[in-house]
Amino acid sequence: MTKKETATLTYNGNTYDLNVLNATMGPDVLDIRKLYADANVFTYDPGFTATASTTSKITYIDGGNGVLLYRGYPIEQLAEKGDFLETSYLLINGELPTHQQRKEFEKTITNHTMLHEQIFSFYKGFRRDAHPMAIMCGVVGALSAFYHDSIDINDEKQRKLATIRLIAKMPSIAAAAYKYSVGQPFMYPQNELSFAGNFLRMCFGVPTEEYKSNPILTRAMDRIFILHADHEQNASTSTVRLAGSSGANPFACIAAGIASLWGPAHGGANEAALAMLEEIGTPDRIPEYIERAKDKNDPFRLMGFGHRVYKNFDPRATLMQKTAHEVLGELGIKDDPLMETARELEQVALNDPYFIEKKLYPNIDFYSGITLRALGFPTSMFTVLFAVARTVGWVAQWEEMMEDPKQKIGRPRQLYTGPVTRDYVSASNR
Ligand code: ACO
């Protein structure tokens, strides 16, 4: 990186020069790596609102203008013209595949879709009413106990194999979590189907009859996967990187990412957004909920609204809204009350000074719940589907970190505000 300029910091009467690292797009970065050694001071940024935790060439977001690029390609073009496997190849390898590369990648992925048979016994240890995300954390973490030949992080071939296994097996793991919860037999993958088609069949097919794929619904599923595939250094991806920075194996790192994704402020928001729309029920109750969202004494927030990075429309929300219409149209759902409530709520919020001033726009989760529900998924599966797609981003980011010779264990510091040094007092004198 070429240095453009230097920033100067004055502290305790001394001045310190901080190098400026140049980004190819977006804000440059002040390099504070030597600050503690030179000035004996830390920087304070809980929540990483102004801190770049890494360099990355994978995904770019311009939150002010609602732009999302995977390896430079706009999300709109990938979602309209590409498919999930091609997008996965792009995220992992940096370039779109040629025809031949695509064929080989697809073949490699399909050769790894089956799960070790013993894994199915693992599922049976869970209660039937277990949340599928709880099952996902457990089963994905357990993969390192099944695939010993892909946990050596210093062996590039093993890392590649783990990457392929994770992408290929995640739909099988997620579908099995669903089948277990409804008490139906697990379905084996069908390799002649597309990635999304195979996943839908493993979820909704049964061994007793042939599963008929619907191309429009399959395409919608594929697009949902593309839209969720990566989002630069979000909470779950940062979790994967932090776990990986200690040298943990890739299956353990992705299990950590799944745990982080589960929270309602992150991947769990699609479930929460649908629950909120169901609670609101009809458009006439919207004003009451808008008032609650604005009330500082009420913890209620409009789920599916607001984003740490987007201060404009989340471009994925626009594509997701279109996908929702396509799915509802295909299924002949004309007057879905939830869709009506969502549309109305969006309009009311977008015209309300509170939301305008705070730049709170619908995010991807606002419309994804409606779409997934129409596809037939129970709300408990929504975040699981997010995890299936985001696995690609997680492994791409993990691999990028592993290939970085400057990679160090992630170890934030703190502003200590506890008691100063004091002497131990024996129990009888306390
Ligand atoms: N409803 C009402 N008010 C909101 C909302 C909301 N959805 N989101 C933010 N605000 C308000 C906050 O109260 C705060 O107000 P204040 O400045 O007066 O205190 C201000 O807007 C800024 O909010 P922060 O929480 O500081 O913003 P942050 O960047 O930390 O949070 C987040 C972003 C977590 C996404 C937040 O907007 C939120 O909780 N949204 C609802 C959950 C959601 O939809 N999450 C999905 C994210 S997308 C994804 O993971 C795929």
Side-chain angles (χ1 to χ4, degrees), residues 45-51 59 61 63-64 66 68 70 75 79 133 223-240 257-280 286-321 323-324 342 345-346 348-372 379 382-394 397:
D45 185 20
F48 299 103
T49 53
T51 296
T59 292
I61 304 173
L68 169 62
Y70 291 165
I75 189 69
M133 280 300 274
R223 189 175 294 151
I224 291 169
F225 286 151
I226 296 174
L227 298 180
H228 288 88
D230 196 43
H231 215 227
E232 53 118 306
Q233 308 312 318
N234 57 85
S236 58
T237 303
S238 297
T239 303
V240 169
I258 292 172
S260 170
L261 185 74
W262 196 355
H266 190 12
N270 49 17
E271 193 175 333
L274 193 82
M276 178 194 74
L277 289 173
E278 276 168 349
E279 193 185 312
I280 297 175
I286 288 172
E288 179 195 326
Y289 283 83
I290 292 276
E291 285 317 307
R292 282 189 61 195
K294 289 160 37 176
D295 182 355
K296 285 282 156 239
N297 299 316
D298 188 330
F300 174 77
R301 284 185 168 200
L302 272 197
M303 299 314 285
F305 264 79
H307 197 275
R308 169 61 61 81
V309 182
Y310 293 117
K311 300 301 169 201
N312 198 321
F313 252 89
D314 177 344
R316 304 168 303 170
T318 316
L319 292 157
M320 186 55 80
Q321 190 195 39
T323 307
L345 182 62
E346 179 182 328
V348 175
L350 289 177
N351 290 302
D352 188 294
Y354 173 93
F355 289 86
I356 295 171
E357 193 190 302
K358 294 189 188 305
K359 297 190 167 58
L360 298 169
Y361 290 88
N363 59 49
I364 187 171
D365 293 324
F366 193 62
Y367 284 106
S368 64
I370 294 176
T371 321
L372 295 174
T379 45
F382 292 179
T383 317
V384 174
L385 303 177
F386 193 158
V388 170
R390 186 55 59 85
T391 295
V392 172
W394 290 331
Q397 302 262 354

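All values below were derived from every heavy atom in this structure, side-chain atoms included, with hydrogens, water molecules and symmetry-related copies excluded. In what follows, residues are counted from 1 in the order of the sequence shown. For ligands, and for the atoms within them, numbers begin at 1 and follow the listed sequence.
The protein atom (non-hydrogen) at minimum distance from atom 7 (N) of ligand 1 is Leu302 O, 2.7 Å. If you check which protein heavy atom lies closest to atom 43 (C) of ligand 1, you get Ala269 CB, 3.6 Å. Of all protein heavy atoms, the one lying nearest to atom 35 (C) of ligand 1 is Gly306 O, 3.7 Å. Closest to atom 15 (O) of ligand 1 among all protein heavy atoms lies Lys296 NZ, 3.3 Å. In terms of protein heavy-atom proximity, atom 26 (O) of ligand 1 is nearest to Arg301 NH2, 4.8 Å. Protein heavy atom closest to atom 51 (C) of ligand 1, with residue, atom name and distance, is Asp365 OD2, 3.4 Å. In terms of protein heavy-atom proximity, atom 3 (N) of ligand 1 is closest to Tyr354 OH, 3.0 Å. Ranking the protein heavy atoms by distance from atom 4 (C) of ligand 1 puts Leu360 CD1, 3.5 Å first.
In terms of N/O distances under 3.5 Å, ligand 1 is approached by Gly304. For a threshold of 3.5 Å applied to N or O pairs, the pair formed by Phe355 and ligand 1 contains no separation below that value. In terms of polar-atom proximity, defined here as any N/O pair under 3.5 Å, Met303 makes no such contact with ligand 1.
Judged by the shortest distance from any of its heavy atoms, Phe366 lies outside the 4.0 Å radius around the atoms of ligand 1. Heavy atoms of Phe300 stay at 4.0 angstrom or farther from ligand 1.
Only the side chain of Ile364 comes within contact range of ligand 1, with a heavy atom under 4.0 Å; no backbone atom does. Counting heavy atoms closer than 4.0 Å to ligand 1, residue Arg308 contributes atoms from both its backbone and its side chain.
Among Lys358, Lys359, His307, Arg390, the residue whose heavy atom sits closest to atom 18 (O) of ligand 1 is Lys358. By heavy-atom distance, the residue among Ala293, Ala317, Pro299, Ala265 lying nearest atom 34 (C) of ligand 1 is Ala265.
Close contacts of ligand 1 with Phe386, meaning ligand atoms under 4.0 Å from a residue heavy atom, involve 51 (C).
Geometrically, Lys358 engages Tyr354 in a cation-pi contact, judged by NZ or CZ lying under 6.0 Å from the ring centre and within 45° of the ring axis.
Protein heavy atoms come within 4.0 Å of atom 48 (S) of ligand 1. In this structure, atom 10 (N) of ligand 1 is in close contact with the protein, since a protein heavy atom lies within 4.0 Å of it.
Annotation for Ala389 and Phe225: closest pair CB-O, 3.4 Å, computed over non-hydrogen atoms. Here the closest non-hydrogen pair linking Gly257 and Thr239 is N-CG2, 4.2 Å. Of all non-hydrogen atoms in Asn270 and Gly267, the two that sit nearest each other are OD1-O, 3.0 Å. Taking each heavy atom of Thr383 and Glu271 in turn, the nearest pair found is OG1-OE1, 3.8 Å. Nearest approach of Ala324 to Tyr367, heavy atoms of both residues: CB-O, 4.3 Å. Here the shortest heavy-atom pairing between Asn363 and Gly306 reads ND2-O, 2.8 Å.
Looking at heavy atoms from C-beta onward, Leu68 lies in side-chain contact with Thr59 at the 4.5 angstrom threshold. A heavy-atom distance below 4.5 Å is not found between the side chains of Tyr289 and Leu345. Counting heavy atoms from C-beta on, the side chains of Pro362 and Leu350 come closer than 4.5 Å. Side-chain contact between Ile364 and His228 is present, with heavy atoms from C-beta onward closer than 4.5 Å.
For CZ of Phe48, the number of neighbouring non-hydrogen atoms (other residues, nucleotides, ligands) closer than 6.0 Å is 12 at most.
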